[in-house]
Protein chains: 2
Amino acid sequence: MPLSKTDLFKPKDVRVAAMAKALAHPARVAILRELARQNECVCGEIVSAIPLAQATVSQHLKELKTAGLIKGEADGPRSCYCLDPDGIQLLMDTLDGLLGQMEACCGVPAPKTQTAKSKKTASGKKTTSNSS
Amino acid sequence: MPLSKTDLFKPKDVRVAAMAKALAHPARVAILRELARQNECVCGEIVSAIPLAQATVSQHLKELKTAGLIKGEADGPRSCYCLDPDGIQLLMDTLDGLLGQMEACCGVPAPKTQTAKSKKTASGKKTTSNSS
DNA sequence: TTTCTTTATCGTAAAGTTACGATGAATCGG
DNA sequence: CCGATTCATCGTAACTTTACGATAAAGAAA
């Protein structure tokens with residue numbers, strides 16, 4: 001942005017946007033999927049799985065870490081990465097909030113349900129009082 | 001990107017990234033929420049609800065339209081926007097695919113009941129045959 | 001120690017995003 | 001027809017993201 005205007009928006013919207021941004025590159029999505037598949041993964045393996053240079057992959061890993069979606073710890077000269085369950089959960093909750101609102105508006109085509117959404121919607125009093 | 005490498009990634013990952021990118025700005029999230037609240041909305045109302053210049057809001061609307069998340073039709077000199085149920089559904093399915101994979105890996109945080117059964121049913125869309 | 005391996009970081013070029021004012025294009029009201 | 005209103009688009013400035021090679025840092029192996 002030419003001038004950072006993020007403080008003009010509601011914190012909730014800023015949070016959703018930040019979460020979404022972490023997913024907004026194919027390489028990062030591929031990394032997350034790889035980690036979901038392997039459960040735990042040395043950096044080199046990830047680099048092999050991604051069609052980008054090592055430096056670039058490292059950069060993407062850093063962003064995912066900053067976003068709280070993955071954790072990384074040193075293991076000798078190597079780095080071992082894995083998904084961060086807390087961050088993933090937060091991601092789901094954050095997106096579910098928005099998706100739920102939109103679904104409610106559009107009219108739900110098919111009640112598929114899953115994840116943590118149904119619970120929240122059921123107990124939630126209403127979708128109107130949102131500001132922060 | 002310096003050089004567009006999107007064809008090096010799996011189409012599925014590219015799709016997720018594109019969807020996420022549409023949500024990756026607070027203004028666009030705010031617009032979606034406004035449309036979810038109003039169900040139908042003249043452009044001017046949206047501009048009033050967003051702390052940005054008219055030209056900028058129009059630009060964000062265009063991106064959301066390109067992403068397939070909203071529809072817009074002319075109404076006299078005005079433009080009337082609303083959520084596109086098909087796009088929203090696609091967004092949900094797309095994200096659910098990834099989120100389900102990650103959740104399955106992390107282990108669901110609060111599974112008081114039967115774990116394996118419910119999880120499988122919930123996320124079991126077709127996580128196996130993934131390559132495109 | 002010296003060397004190799006592994007990964008993070010730096011510097012930087014290319015491309016994309018975001019924001020705005022100005023300008024068009026279309027419609028409505030007179 | 002003339003002016004006002006509404007919105008999309010253009011042009012452009014400021015900033016961010018993406019990608020890579022080069023290099024640094026740190027442990028393992030020799």
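Sequence lines set the chain letters: A, B, ... in the order given, protein chains first and strands last, and positions in each chain run from 1.
- When each of A:Pro77 and A:Thr56 is assigned the nucleotide of DNA chain D with its nearest heavy atom, A:Thr56 is the one assigned upstream, toward the 5' end.
- Between B:Tyr81 and D:dA8 there is a side-chain polar atom (N or O) within less than 4.0 angstrom of OP1 or OP2.
- Among the protein residues, B:Val47 comes within range of no part of the nucleic acid, since none of its heavy atoms lies under 4.0 Å from any strand.
- Going from atom CD of B:Gln59 over to atom P of D:dT9 covers 10 Å, rounded to whole Å.
- When distances are taken from the side chain of A:Arg78 to each of C:dT7, C:dA22, D:dC7, the shortest belongs to C:dT7.
- Projected onto DNA chain D by closest heavy-atom contact, B:Leu61 and A:Arg28 fall at different nucleotides, the more 5' of which corresponds to B:Leu61.
- Taking side-chain N and O atoms only, A:His60 has no distance below 4.0 Å to OP1 or OP2 of D:dT17.
- By the rule that hydrophobic residues join a cluster once side-chain heavy atoms approach within less than 4.5 Å of another member, B:Leu90 and B:Leu99 end up as members of one cluster.
- Within the 4.0 Å cut-off from OP1 or OP2 of C:dA8, at least one side-chain nitrogen or oxygen of A:Ser79 is found.
- If you check every strand for non-hydrogen atoms under 4.0 Å, B:Ala55 touches a base.
- The residues A:Lys10 and A:Asp13 are annotated as not salt-bridged, no charged nitrogen and carboxylate oxygen being separated by less than 4.0 angstrom.
- Among the nucleotides C:dA19, C:dT9, D:dT9, the one closest to the side chain of A:Ser58 is C:dT9.
- The separation between B:Ile31 atom CD1 and C:dA19 atom C1' is 13 Å, rounded to whole Å.
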